[in-house]
Colleague: 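Questions regarding the structure given below will be posed in turn.
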Amino acid sequence: MNKYLQLQMQGDAYLKCVNPKCGLEYPIMSTNVQCENGHVLDVIYKNKPSSNLKETFYQRRNSKGNIFNESGVWRFRDLLNFCQINTEDNDECSKYLVSLDGAEGRQSKPYQMSKAAEFTGINKEGLWLQPEGYNPSGSFKDNGMVTAVTHAKMVGAKKIVCASTGNTSASAGMFAANEGINCDVYIPAGQIAPGKLSQAYQYGAQIIQVEGNFDDALKQSLDDAKNYDGYTVNSVNPFRIEGQKTIPFRALEYLNWESPDWIIYPGGALGNTSSCGKALMELYQWGWIKKIPRIAVINSDGASTLSDLYNGEFEGEELRWNKGNPNTELISRYYNHLDKKGLRPKTKATAIQIGRPANIIKGLRALEFTNGVATTVSDSEMLDGMSVVGLNGFDCEMASGASVAGIKKLMGEGIIKKDDVVVGILTGRQKDAMIPVDYHNNPKNTFANPPKK
Ligand code: F0G
């Protein structure tokens, strides 16, 4: 029997459908991203990891030349050990774990940014912003791409496939090039930032331009992956979610595993929301954290599916996880309504210009578990959020500005309190150079610093 089959039978990790009525289980080597009834899957670990690992993770920050300790993802490998390897055996790590020489997640941790704190109204000591743009491909995607590509290699995939608003394709292209596997990226034609498109070319990915938006591109890429033997690395892939758990892991570690009051994300396909929810559920279940931080998801005004449905702005019903039985018909009716009215997601923050968040079900579970909230901000609020981050000496893209703008809005509404400890995730680096140039050339903008003549 080959080693993988043995591992599957004896192992600790398996896949399980998130829908409790369905609950179908699959071995870890399964390549289906969804169960046969079309529901998303979770990676489940049977064993409870000891909280002594907190000390191990801390020790690994002195990497001693080990790239898997240097990596901000694999440093936590014991909590995402779906490969079921001996995590202390460097040869096994090298054989299975995909890494860009330890660069993924290495430079991202929460920072205090006083000007952003002043802008949001949160106490200076209480606001932490975590620039995930400082990943090797320039966005948080690298956290989850290393784990997805690790699984792709485990199952012998020859080609990885994704749809993207730009950052996923950059990340997928980078790791595919580094691992010597093929990569097809489906992008909405003319709707992604030039810096992201150029990365896909640079890394040798095959670009497929789709006439339509991200939702159309995702549909086509999932169909093509199924028909032409591609391995999907979008966040519907449960292994993507495993790697992205390390974003809250790093935040929590830097806060000495004391939960903040809030963790804030921009909301697109809701992969981040889902992974943060899963990370917190696991840590709480294992007794590693006592308090559950609340998640706030910030949509753009122009692409506000989650916020509309969660806040009962469509048909008056507030969409909830409802013990695993969310009202999926309400979601379908909302999508039909968008189609009938010809409403297409529209925001200058193209990264989150998404109308049909593929992870909405897991997103709802995350909001339920954390007593979370969803809201929206305008393009101009996002630009202000992005710009104030710049004034602290950090760089982020417009969609990431949603985290800062969202904190300010929720603070103004009295939902977030001045004394709360808040971690905002800055999801990506600036890859559209003209956005800040245009912003600063318009003296009407809050932080504009126009050039002198
Ligand atoms: N921020 C940035 C910079 C992104 O690129 C994305 C998603 C999000 C936020 C939303 O995250 O999907 O986890 O809710 N970008 C995807 C892409 C869709 O294709 O690059 P989410």
Side-chain angles (χ1 to χ4, degrees), residues 108 130-135 137-145 148 161-174 185-188 191-193 195-197 199-200 205 207 210 213-218 221 232-237 240-241 243-245 247-248 263-278 295-300 303-307 345 347-360 362-363 366-367 374 377 382 385-386 389 395-406 424-432 435:
S108 83
Q130 184 161 317
E132 289 296 324
Y134 295 3
N135 267 289
S137 83
S139 84
F140 74 92
K141 306 286 179 179
D142 295 344
N143 291 287
M145 201 56 73
V161 176
C162 68
S164 182
T165 57
N167 280 325
T168 301
S169 47
S171 183
M174 183 184 74
V185 304
Y186 292 68
I187 54 154
Q191 292 176 40
I192 77 171
K196 298 175 184 175
L197 183 61
Q199 284 181 291
I207 294 169
V210 178
N213 60 22
F214 170 81
D215 304 314
D216 305 314
L218 180 61
S221 82
T232 292
V233 294
N234 278 100
S235 57
V236 284
N237 178 325
R240 270 279 304 276
I241 302 295
Q244 285 175 213
K245 292 190 308 193
I247 298 170
I263 304 181
I264 321 287
Y265 287 99
L270 303 176
N272 256 334
T273 312
S274 304
S275 49
C276 185
K278 185 170 190 274
I295 295 179
V297 182
I298 318 298
N299 279 152
S300 145
S304 53
T305 299
L306 179 74
S307 175
T347 165
K348 239 179 121 176
T350 48
I352 53 171
Q353 186 168 262
I354 293 172
R356 296 172 188 241
N359 274 304
I360 191 162
K362 284 186 185 173
L367 291 179
V377 291
M382 273 187 261
M386 174 196 87
V389 167
D395 168 75
C396 73
E397 70 165 84
M398 182 171 168
S400 310
S403 292
V404 184
I425 309 300
L426 304 174
T427 42
R429 203 159 186 159
Q430 184 60 261
K431 299 183 185 180
D432 196 340
I435 287 187

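Note that ligands are numbered from 1 as they come in the structure, with each ligand's atoms numbered from 1 the same way.
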Colleague: Among K196, R429, K431, which residue meets the salt bridge (charged side-chain N to carboxylate O under 4.0 Å, His left out) test with E397?
Modeller: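 Of the listed options, the one satisfying the test is K196.
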Colleague: Going by the atom numbers of ligand 1, which of them fall below 4.0 Å from some non-hydrogen atom of I352?
Modeller: 8 (C), 9 (C), 10 (C)
Colleague: Side chain to side chain contact (heavy atoms under 4.5 Å, CB included) for I360 and L306? Distances and angles first, verdict last.
Modeller: CA-CA 7 Å; I360 191 162; L306 179 74; 4.3 Å; yes
Colleague: To the nearest 0.1 Å, how far is atom 5 (O) of ligand 1 from its closest protein heavy atom, and which atom is that?
Modeller: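 In this structure, atom 5 (O) of ligand 1 has N167 ND2, 2.9 Å as its nearest protein heavy atom.
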Colleague: Output the list of atoms in ligand 1 that are nearer than 4.0 Å to some heavy atom of G268, sorted by atom number.
Modeller: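 The atoms of ligand 1 under 4.0 Å from a heavy atom of G268 are 10 (C), 12 (O), 14 (O), 21 (P).
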Colleague: Apply side chain to side chain contact (heavy atoms under 4.5 Å, CB included) to V185 and S164, showing your working.
Modeller: CA-CA 7 Å; V185 304; S164 182; 5.6 Å; no
Colleague: Give the atom numbers and elements of ligand 1 that come within less than 4.0 Å of a heavy atom of E397.
Modeller: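 Answer, ordered by atom number: 3 (C).
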Colleague: Should T427 be counted as touching ligand 1, given the test is an N or O pair under 3.5 Å?
Modeller: yes
Colleague: Can you tell me how far apart CD (Q130) and SG (C396) are? Round to the nearest 0.5 Å.
Modeller: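 So the gap between those two atoms works out to 13.0 Å.
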Colleague: Quick one: which ligand 1 atoms are inside 4.0 Å of a heavy atom on A269?
Modeller: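 Ligand 1 atoms under the 4.0 Å threshold to A269: 12 (O), 14 (O), 21 (P).
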Colleague: For a side chain to side chain contact (heavy atoms under 4.5 Å, CB included) check, start with the C-alpha distance between M386 and I435, then their side-chain angles and the critical distance, and finish with the verdict.
Modeller: CA-CA 10 Å; M386 174 196 87; I435 287 187; 4.0 Å; yes
Colleague: Please determine if F214 has a nitrogen or oxygen closer than 3.5 Å to a nitrogen or oxygen of ligand 1.
Modeller: no
Colleague: Considering both backbone and side-chain atoms of T273, is one of its nitrogen or oxygen atoms within less than 3.5 Å of a nitrogen or oxygen in ligand 1?
Modeller: no
Colleague: Do S300 and M382 have side chains that approach each other closer than 4.5 Å (heavy atoms only, starting at C-beta)?
Modeller: yes
Colleague: For F140, which part has a heavy atom under 4.0 Å from ligand 1: side chain, backbone, both, or neither?
Modeller: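 For F140, only side-chain atoms sit under 4.0 Å from ligand 1.
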Colleague: Under 4.0 Å from any heavy atom of S164, which atoms of ligand 1 are there?
Modeller: 17 (C), 19 (O), 20 (O)
Colleague: Which of these, T427, I263, N272, sits in a side-chain contact (heavy atoms from CB on, under 4.5 Å) with I247?
Modeller: N272
Colleague: Among all protein non-hydrogen atoms, which one is nearest to atom 13 (O) of ligand 1, and what is the separation to 0.1 Å?
Modeller: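 For this ligand atom, the closest protein heavy atom is N272 N, 2.8 Å.
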Colleague: Starting from the C-alpha separation in whole Å, work towards a yes-or-no answer on side chain to side chain contact (heavy atoms under 4.5 Å, CB included) for E132 and N143.
Modeller: CA-CA 9 Å; E132 289 296 324; N143 291 287; 2.8 Å; yes
Colleague: At less than 4.0 angstrom from any non-hydrogen atom of I354, what atoms of ligand 1 do you find?
Modeller: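 Every atom of ligand 1 under 4.0 Å from some heavy atom of I354: 18 (C).
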Colleague: Does S221 use its side chain to pair, donor to acceptor, with the backbone of C162 at less than 3.5 Å?
Modeller: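 A pair under 3.5 Å: no.
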Colleague: Can you name the atoms of ligand 1, numbered from 1 with element, that are less than 4.0 Å from a heavy atom of K141?
Modeller: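 Atoms satisfying the 4.0 Å criterion: 5 (O), 6 (C), 7 (C), 15 (N), 16 (C), 17 (C), 18 (C), 20 (O).
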Colleague: Can you name the atoms of ligand 1, numbered from 1 with element, that are less than 4.0 Å from a heavy atom of T168?
Modeller: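 Reading through ligand 1 atom by atom, the close ones are 16 (C), 17 (C), 19 (O), 20 (O).
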Colleague: Quick check: does K196 get an N/O under 3.5 Å from an N/O on ligand 1?
Modeller: no
Colleague: Tell me whether T305 contacts the main-chain N or O of R356 through its side chain, where contact means a donor paired with an acceptor under 3.5 Å.
Modeller: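 Such a contact is absent between T305 side chain and R356 backbone.
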Colleague: Taking distance alone, with N or O pairs closer than 3.5 Å, would you say G428 contacts ligand 1?
Modeller: no
